[in-house]
Every structure is written in structure tokens, then in C-alpha cells.
Amino acid sequence: MVRGGGDQGADKPPTIYDVARVAGVASSTVSRAFARPGRVSYETARRIREAAEELGYRSKSMGQSGIAASRSQIIALVIADITNPVYFEMIRGAEAAATDAGYTMLLFNSQESDRRERQALERAMSMVDGIVLSSSRMSDSSIRQMAKQKPTLVMNRAVADVSSVVTDNARGMRRAAEHLGELGHTELLYLSGPEASWADGMRWRALREAGMELEIRIRRSGPFHPTLRGGAEAAMQWAEHPSSAVVAYNDQLAIGFIREIHKQGISVPTDVSVVGFDNTFGAELVTPPLTTVASPLYALGSTAVNNLLAIAAGARSMSGQPVVLPAKLVVRESTAAPAGKRAIRGK
């Protein structure tokens, strides 16, 4: 139904001025929304598109999967924290896939801020053919609105109606719990990551479910920043209520935990076993080398870019489900049987 019919004839196609009137904006804003979406806020763009759909208006730039007729051959990759080693291999994989396809990749660092992330995307929207969001801190609704304007893929997070690539968090945490249970641990503490992290929620849920099945008591501490400093804070909290094992949200937390524990004269794994997540390069450099769940970081980046370019070319997901890449446990020297169990086994 067309609102405010006025003197528009029944057979007369709607114009950009009709869309502007219904959306409550200037006609120049409507023009920018279709030609340069990055220059228009998410909320304004949403109103304009809803008005255009209601009126049956189609601009020349609509119906092209959100891409302007002339492609820039540039894509954007947004990461949460460039200092976090987990992103190094993801970036390498994404950049290699982009280069192979003849694209240039712009890298944006949001510094764990949804506001910075949104601002960077608003500036880049008109320059790029598509966007990969890695560990996005924006809300699901904001991501969905952006995906209506540009081909978008989310990495390390699942958002309804938006394509995504994720690690098998559930299987990874299950293997960590099984490993500690096989060593004889009956309790463990989860060192949680950022509150806005989708992966943190998935890992915590998977760990709780595994604990119930394996009869291992699971506790949670945090949230902590996913950094060495966050790990040191986690170690101080652990000391108040010790457990025989901890599983950290990521390797940085685990390494920071181990370093702080050593300062307190506590030994890993003699006094406490530690498991990380991601298998970043620092996992082998810490003393003792860290047992961790290995994410396919390079493959995450390359798969994300390849799938984004397929979406930009008009491909659609048949299942609507995330692409899940396998995770595996890498056992090193930071885990062992609890002290009492070792004594029994040694008899």
C-alpha cells in the first residue's frame, strides 16, 4: 500500500521524492542511501529501504546484492584487537584468499569497541565490495542491518540471517574436559572472556554440558580481558578459591595466568593444570608449553573471504547455518594428574 497517495496516478512509478516523503528524510539522503550506503546511518538506511519496498521503488543500484555497479575490488576485515595473536593467522589466511581473487583487503581494528567498529564500517561502506567481521562486538540487529547494505560475513560468531564461519567450540571444549577428566580432575574453573563475545558464551555452555556428562564440577570466574593482564587478574582470583585445573577462554588468558601463578610460587601442572584455546604461536613459548584447543585460524580467514566473495557474486547459503571448521586438542606439558592422583598412580 502507498501512503499519502496525493496526485500520484495509479500507474505512475514511485520516485525518489516519494521514498523521501514516506521515510521522512531529504531526497538527497535517499540518493546517498542507494549510491553510497556508508554515508547514511543504519537506522536511516533501514527506514529508506522499508519505504522503498512499501512503494515498490527500485533504484539502479538496488537488486545487485548491495554492490554498486562498478566494483572496487576491495574488501574490509574488521578485528576486535590487533594485539591479540589469535588474529595473526586469520589475517594471513584472509589476505591470501583476497589476493588470489584479485582483491585488496583493508584492515580495521575496533579495539574491542562496538562504537569504533560501527564508525569504521560507516567510513568504509562506500569503498568496499564486502565486509568480514571477526569476533564482532556489535549487536545482532546492527550486523543484520549492515548485511542488507553490503555483502557481509561474520567470523567467530553466528548471527541469524547472516553468513558466518566459526570454530567447533563445542567439540573443542568437550575434548578439553575429557582430557582433564581422564587425568583424574574432578573440578575445574573456567576463566571467561569478554561479556560481548559470542565465542565465550558458546565455550562456557559447552564446558558446562561436558562437565555434567563427565561428572566434573565446573565453576566460572570473570569476565576478563583476553590478554596477559587479564590472565594475571584471573590468577589472583583463582588463588582465593583454588581448583586443580583451569580452562581459559583463550591462550593469552592462560599464559597470563601461568606467569602470575609462577610468581606466587605455585607450579604448573604440579599444583594446577591449565588449558588454553586457539593454539596461537605463544602457546609453545610459555613454560611449561601450553595444552590448548587448536582453532584452524588460517583456514578461518581464508574460508571467510572465499565465502564472502561468493556471496558478493550472488551465492546464497542453502542451509542458513554457520560453516563450522574442526577444532582439536593439542596436549603439551601444562596438564597432568592432580597431586593426589599422581601419588596413587605411582604406587
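Note that the structure is predicted; figures quoted are calculated from it, not measured.
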- request: Output, in order, the C-alpha distance, side-chain angles, deciding distance and verdict of side-chain contact (heavy atoms from CB on, under 4.5 Å) for N250 and L253.
  value: CA-CA 6 Å; N250 71 350; L253 264 177; 3.3 Å; yes

field: Working for side-chain contact (heavy atoms from CB on, under 4.5 Å), residues Y103 and D129
entry: CA-CA 9 Å; Y103 279 74; D129 292 343; 3.5 Å; yes

message: Please determine whether side-chain contact (heavy atoms from CB on, under 4.5 Å) holds for the pair N169 and F277, giving the CA-CA distance in whole Å, both sets of side-chain angles, and the decisive distance to 0.1 Å.
response: CA-CA 9 Å; N169 290 282; F277 203 108; 3.8 Å; yes

message: With salt bridge (Lys or Arg N to Asp or Glu O under 4.0 Å) as the criterion, how do R157 and D140 come out once you've worked through the C-alpha distance, each side chain's angles and the decisive distance to 0.1 Å?
response: CA-CA 10 Å; R157 177 174 170 181; D140 285 5; 2.5 Å; yes

task: Take R92 and E89 through the salt bridge (Lys or Arg N to Asp or Glu O under 4.0 Å) test and state the conclusion after the steps.
output: CA-CA 5 Å; R92 288 185 64 242; E89 285 298 300; 2.9 Å; yes

Verdict with reasoning, V324 to T167, per side-chain contact (heavy atoms from CB on, under 4.5 Å): CA-CA 6 Å; V324 181; T167 297; over 6 Å; no

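In this structure, F88 is not a member of the same hydrophobic cluster as V78, with clusters built from ILVMFWY side-chain heavy atoms closer than 4.5 Å. There is a path of hydrophobic side-chain contacts, each under 4.5 Å, that joins L55 to Y17. Placement of L300 and I311 within a single hydrophobic cluster is found when ILVMFWY residues are connected by side-chain heavy-atom separations under 4.5 Å, directly or transitively. Hydrophobic clustering places L309 together with V323 (ILVMFWY residues linked when any side-chain heavy atoms are closer than 4.5 Å, directly or through intermediates). Put simply, L107 and V132 are part of the same group of oily side chains (I, L, V, M, F, W, Y) that touch within less than 4.5 Å, one to the next.
Between the side chains of S141 and Q145, no donor-acceptor pair is found at a separation under 3.5 Å. Side-chain contact check for S136 and E117: at least one donor-acceptor pair (N or O, by modelled atom type) lies under 3.5 Å. Checking S113 against S110 by side-chain atom types alone, no donor-acceptor pair falls below 3.5 Å. When only modelled atom types and interatomic distance are considered, S192 and D200 share no side-chain donor-acceptor pair under 3.5 Å. Looking at H179 and T335, their side chains do bring a donor and an acceptor atom within 3.5 Å of each other. There is no side-chain donor-acceptor pair under 3.5 Å between D278 and T280. Side chains of W238 and S221: no donor on one and acceptor on the other come within 3.5 Å.
S142 places no side-chain N or O within donor-acceptor distance of the main-chain N or O of M138, the cut-off being under 3.5 Å. Side chain of S273 to backbone of A336: a donor-acceptor contact under 3.5 angstrom is found. With hydrogens and angles disregarded, no donor-acceptor distance shorter than 3.5 Å links the side chain of S244 to the backbone of P338. In this structure, the side chain of R259 does not engage the main chain of A232 through any donor-acceptor pair within 3.5 Å. The backbone N or O of V128 sits less than 3.5 Å from a side-chain atom of K150, completing a donor-acceptor pair. Using modelled atom types, no side-chain atom of S134 and backbone atom of I79 make a donor-acceptor pair closer than 3.5 Å. Put simply, the side chain of D271 never gets that close to the backbone of I266: no donor and acceptor are under 3.5 Å apart. The backbone N or O of I216 sits nowhere less than 3.5 Å from a side-chain atom of T186 that would complete a donor-acceptor pair. Judged purely by atom type and a 3.5 angstrom limit, R47 uses its side chain to pair as donor or acceptor with the backbone of A23.
At a threshold of 4.5 Å between non-hydrogen side-chain atoms, the residues R171 and K328 do not count as touching. Taking the side chain as every heavy atom from C-beta outward, V246 and V275 never approach each other to under 4.5 Å. Within the 4.5 Å cutoff, the side chain of L77 has heavy atoms near those of the M155 side chain. Within the 4.5 Å cutoff, the side chain of Q73 has no heavy atoms near those of the T104 side chain. With a 4.5 Å cut-off on side-chain heavy atoms, V293 and N279 do not count as touching. The shortest side-chain heavy-atom distance between R144 and V159 falls under the 4.5 Å cut-off. R217 has its side chain within reach of R219: a pair of non-hydrogen atoms, C-beta onward, lies under 4.5 Å apart. Under the 4.5 Å side-chain criterion, counting only non-hydrogen atoms from C-beta, R332 is not in contact with P288.
What you find for Y190 and A248 is that their closest heavy atoms are CE1-C, 4.1 Å. Counting all heavy atoms, side chain and backbone alike, A158 lies closest to S164 at CA-OG, 3.9 Å. Between E333 and T291, the closest heavy-atom pair is N-OG1, 4.1 Å. Nearest heavy-atom pair across L189 and S243 is CB-OG, 3.5 Å. Considering every non-hydrogen atom in both V330 and A294, the closest pair reads CG2-CB, 3.8 Å. Nearest heavy-atom pair across L183 and A337 is O-CB, 3.2 Å.
Rounding to the nearest 0.5 Å places CG of L191 at 13.0 Å from CZ of R203. Atoms CD and CG, on Q252 and L228 in that order, are 4.5 Å from each other to the nearest 0.5 Å. How far CZ of R118 is from CZ of R123: 13.0 Å, rounded to the nearest 0.5 Å. In this structure, CD1 in I143 is found 10.5 Å from CD1 in I131, a value given to the nearest 0.5 Å. Between M173 atom CE and D168 atom CG the span is 12.0 Å, to the nearest 0.5 Å. The line from CG of L290 to OG of S334 is 4.5 Å long, rounded to the nearest 0.5 Å.
Listed by chain and residue number, nothing satisfies the ring pair (Phe, Tyr, Trp, His ring centres under 6.0 Å) test with F224 (two or more places apart in sequence, or in another chain). With sequence neighbours excluded, the residues satisfying salt bridge (Lys or Arg N to Asp or Glu O under 4.0 Å) with E178 are R174, R175.
Each side chain to side chain donor-acceptor pair (under 3.5 Å) pair with one or both residues in residues 298-311, not counting sequence neighbours, would appear here, but there are none.
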